[in-house]
Structures are given as C-alpha cells and as structure tokens.
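Let me begin by handing over the structure; questions about it come next.
Computation of the quantities below employed the complete heavy-atom set of this structure, encompassing side-chain atoms and omitting hydrogens, waters and symmetry-equivalent molecules. Convention: sequence-line order gives letters A, B, ...; per-chain numbering from 1.
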Amino acid sequence: MHPDRIDATEIESLYRRHGAALLLFATAITGERSRAQDALHQVFLKLILDGNLRHALDKKAYLFACVRNAALNEAKVLNRHTPLDPDSARFNSAWFAPPDRDYAAEHNLRHALAVLPDDQRAVIVLHIWGDLTFAQIADLLEISANTAASRYRYALAKLRETMLPAPNDEENPCANSRG
Amino acid sequence: MPIPEDERMNDERLNGERSDHEGIDDLRIADQPVNDPPIDKKFEAHLKQFRPVAPQPLPVDSHVHAPRRWLVLAAWAAIAATVVVAVAVFTFHPRLSRIAPPVENTAIADQLAKSQSLTLRSANALLATAPSFKDALDGIAFPPKPAPLPADKHSALAELSKEKTKL
C-alpha cells in the first residue's frame with residue numbers, strides 16, 4: 001500500500017463523523033438531497049479508490065472543499081445550477097432532524113436558508129453545522145476571514161428575521177395592522 | 001490563575017483545538033465592522049439544536065468485502081474440486097478400487113492351484129490312515145502343502161488368473 005494512502009476504515013470513520021454536515025452543505029448548494037448525496041458518495045468513493053488524504057493538513061476542511069467541488073461540478077455538468085426554490089417539489093425532503101420533532105420549525109429553517117444568498121448560506125452552514133472556523137471557511141471559499149465573518153452575521157440576522165417574529169409583533173400582534 | 005483570553009485563543013489555534021467559544025473568538029479575529037449586525041448567541045444555539053440528516057450509508061461494504069467474498073468462494077471451489085478428485089481417484093484407481101486387483105487374483109489362484117482338490121477317495125484314505133477321526137477331519141480341512149513347482153514350470157490356473165478381466 002502506498003504510504004500516502006489512508007485505508008477504507010479511516011475514510012468510513014470520517015464519513016460517519018462528518019457525513020451529515022457534508023450532506024447538508026452539499027444540499028445547501030444543490031437544493032436537492034439526492035443530488036447532494038450523489039456528490040457526497042462520489043467524493044468518498046474516489047477517496048477510497050485512489051484518495052491521498054494524508055497530505056491534507058486539515059482533513060475536515062479538505063472534505064468540505066471536495067464536496068463543494070463535486071456539487072458544483074455536477075450542477076455544471078447537468079447545467080442545473082439554478083437558485084434554490086423552497087416551493088419546488090424537489091425541496092420537500094428534510095434537511096434536519098428537528099428538536100422535539102418540530103417539523104414545522106424544520107420546514108421554517110429550511111425555507112429561511114433557501115432564501116438566503118448562496119454565499120451567506122454556505123458560510124452559515126459551514127460555521128454552525130460544519131463547525132468550521134472563519135479562517136477555515138475563508139480558505140475554503142477563497143475569501144478573507146473578515147468577509148466570512150461578515151457574511152455570517154448578515155446571514156444569521158436574516159435567518160432570525162425570517163424564522164422568529166419581531167419582538168414588537170410578539171408584544172403587540174396588531175402592530176402590523178396599524179394605520 | 002485563569003489563563004488570559006488572548007493566550008487561550010492562541011493556544012487553541014496552535015493546538016488546533018476548538019472550544020465552545022470559538023465562534024466568538026473567530027469573530028474577534030475578524031474585527032466586526034460597525035454596520036454589521038450583532039450576533040444573537042441564543043439564536044445561534046437554537047439553530048444548533050437542529051441536527052443535519054444523516055447521509056445514506058456509504059456503498060462501500062460490498063466493494064471492500066468483495067475480495068473477501070471472492071476468497072471464500074474460491075476456497076469452497078477448491079474444497080469441492082478436492083473432494084471430486086479424491087472420489088475419482090478412489091473410484092477409478094486400480095489399486096484402490098473395489099475390483100479385485102490382479103495381484104490378489106494371482107495369490108488366490110496360486111493357493112487354489114497349489115491345493116489338492118477334495119475327493120471321496122482321498123477322504124476315505126484319510127479316514128483309514130488317520131489315528132483318530134479328529135485328525136482325519138483336520139487333514140481334510142488343512143491339507144498338506146504340495147511340493148512347489150520347479151522354477152521353469154507354471155501352474156496353468158495361475159497363468160490364466162494373471163489375465164486382466166474387464167467387468
């Protein structure tokens with residue numbers, strides 16, 4: 001065996017550890033879980049067959065980069081790089097296992113993520129569910145750490161705005177009906 | 001004594017470790033512009049409660065275990081082939097088969113050729129000459145070996161028995 005190669009067991013272990021976050025990231029790019037799943041499998045099967053992962057200093061960040069490339073390539077090949085449409089039929093499969101089986105909240109979150117700009121959605125998925133630092137995100141998306149952090153703040157604010165009612169609305173449900 | 005926060009951040013970065021507050025540290029690394037919205041930590045924590053759906057298992061089991069399965073099949077095939085060969089050898093090998101081999105045939109034939117046939121005359125003669133009835137019966141059952149044939153002569157029965165017969 002080549003010394004730079006890692007064995008299938010280690011790759012499977014990486015898949016178990018990071019698979020869910022990687023799938024979410026790919027879904028956030030493609031908008032379709034089946035296509036995201038294909039991209040994810042494609043990356044890991046390639047790693048098992050001929051992958052040289054030892055040279056990667058940061059394996060997790062490298063995996064996210066591979067999945068991003070695979071998802072974008074697939075979209076390019078299929079000529080299907082369309083903006084996410086939360087109302088389309090292919091958007092029906094869940095992205096999350098919600099707390100307390102609150103599927104309405106899951107749908108709400110998915111919808112809120114879908115309406116975010118692509119670059120903000122990527123940053124928020126990578127930081128919250130991928131557990132990547134802004135420095136790692138910056139390397140991955142080829143932007144500065146400041147830009148990554150800024151996109152994160154805006155994305156978080158927009159998500160909050162979309163998902164949670166404004167404080168004024170809670171205190172005064174009739175606030176919007178004034179005037 | 002508590003470690004100063006700046007030192008802790010540096011340590012974490014050097015060790016590649018990650019703390020619960022890494023998000024905050026990250027934001028300090030990237031100075032927050034004045035116009036950027038603030039971070040709602042509670043909302044961040046709320047979002048983290050949503051767990052991404054697990055992916056389907058990697059279709060690697062069949063791939064990885066294929067060589068092992070192939071080996072098992074090969075082993076079974078080898079065992080089966082060995083059994084077939086063994087049965088064939090036992091069945092068709094002349095020395096091991098149940099068909100009486102010529103060597104044994106020759107030995108029995110020699111014995112038959114060398115033994116005298118029992119006739120009424122020889123039995124009467126034995127009864128007449130034997131000291132007792134028991135000795136006469138022993139003489140009939142275990143006749144004395146005849147003198148061996150000279151080297152240049154062969155028994156006809158022994159020669160015939162050497163011929164291989166196919167059944």
Side-chain angles (χ1 to χ4, degrees), chain A residues 8-9 11-12 15-16 19-27 33 36-37 40-41 44-45 48-49 57-58 93-100 102 105-106 109-110 124-125 127-138 144-150 152-154 156-160 163-164, chain B residues 3-72:
Chain A
T9 315
I11 292 173
E12 282 185 84
Y15 185 80
R16 277 195 300 275
L22 288 165
L23 178 66
L24 175 65
F25 181 50
T27 313
R33 206 170 75 195
Q37 183 74 71
L40 189 60
H41 279 176
F44 274 85
L45 290 178
I48 286 172
L49 287 176
L57 296 175
D58 185 344
S93 52
W95 290 13
F96 300 94
D100 304 325
D102 187 354
E106 192 277 335
L109 171 58
R110 197 167 8 122
I124 205 153
V125 166
H127 189 63
I128 289 188
W129 293 285
D131 271 342
L132 294 188
T133 65
F134 289 119
Q136 287 173 312
I137 295 170
S144 73
N146 281 344
T147 306
S150 182
Y152 177 73
R153 287 190 201 95
Y154 277 104
L156 199 64
K158 280 184 194 169
L159 275 184
R160 193 186 183 290
M163 291 179 69
L164 303 178
Chain B
I3 302 167
E5 194 164 328
D6 287 344
E7 279 182 33
R8 186 172 57 77
M9 284 167 58
N10 286 338
D11 284 347
E12 282 171 5
R13 260 180 266 158
L14 286 173
N15 295 332
E17 290 172 0
R18 205 183 145 76
S19 72
D20 290 338
H21 304 288
E22 194 166 6
I24 299 170
D25 296 343
D26 268 342
L27 291 175
R28 285 180 184 163
I29 294 166
D31 293 333
Q32 181 177 348
V34 179
N35 294 332
D36 276 10
I39 300 289
D40 183 342
K41 301 308 291 180
K42 276 188 182 173
F43 183 61
E44 231 181 11
H46 171 68
L47 289 181
K48 283 184 180 180
Q49 288 182 332
F50 290 82
R51 296 281 166 204
V53 170
Q56 289 169 8
L58 203 56
V60 75
D61 283 350
S62 57
H63 176 79
V64 168
H65 298 145
R68 285 187 204 160
R69 208 174 290 161
W70 183 85
L71 277 176
V72 169

Once you round to the nearest 0.5 Å, how far does NE2 of A:His127 lie from CD of B:Glu44?
-> 5.5 Å

Contacts of A:Asp58 meeting side chain to side chain donor-acceptor pair (under 3.5 Å) (sequence neighbours excluded), chain-then-number -> A:Gln136

Nearest heavy atoms of B:Phe50 and A:Phe96, plus distance in Å = CB-CD2, 3.7 Å

Under a 4.5 Å heavy-atom cut-off, does chain B meet the side chain of A:Leu159, its backbone, both or neither?
->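 For A:Leu159, the contact with chain B is made by backbone and side chain together.
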
Contact check, side chains of A:Tyr154 and B:Pro37, non-hydrogen atoms, under 4.5 Å = yes

Are the side chain of A:Gln37 and the backbone of B:Gln56 linked by a donor-acceptor contact shorter than 3.5 Å?
->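 Yes: the side chain of A:Gln37 pairs with the backbone of B:Gln56.
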
Looking at A:Ala157, A:Ala105, A:Ala148, A:Ser144, which makes the most heavy-atom pairs under 4.5 Å with chain B?
->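 Ranked by contacts with chain B, first place is A:Ala105.
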
Closest heavy-atom contact between A:Phe44 and B:Leu58?
->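 Heavy atoms only, the tightest pair is CB-CD1, 3.6 Å.
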
Closest heavy-atom contact between B:Val53 and A:Leu23?
-> O-CD2, 3.7 Å

Check each atom of B:Phe43 against the heavy atoms of chain A and say whether the ones under 4.5 Å are side chain, backbone, both or neither.
->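 For B:Phe43, the contact with chain A is made by the side chain alone.
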
Given a strict heavy-atom distance threshold of 4.5 Å, which part of A:Leu109 is in contact with chain B: side chain, backbone, both, or neither?
-> side chain

Calculate, to the nearest 0.5 Å, the distance between atoms CD1 and CZ belonging to B:Ile39 and A:Arg160 respectively.
-> 12.0 Å

Applying side chain to side chain donor-acceptor pair (under 3.5 Å), name anything that partners B:His46, two or more places apart in sequence or on another chain.
-> none

Nearest non-hydrogen partners of B:Pro55 and A:Leu40, listed with the distance | CB-CD2, 3.7 Å

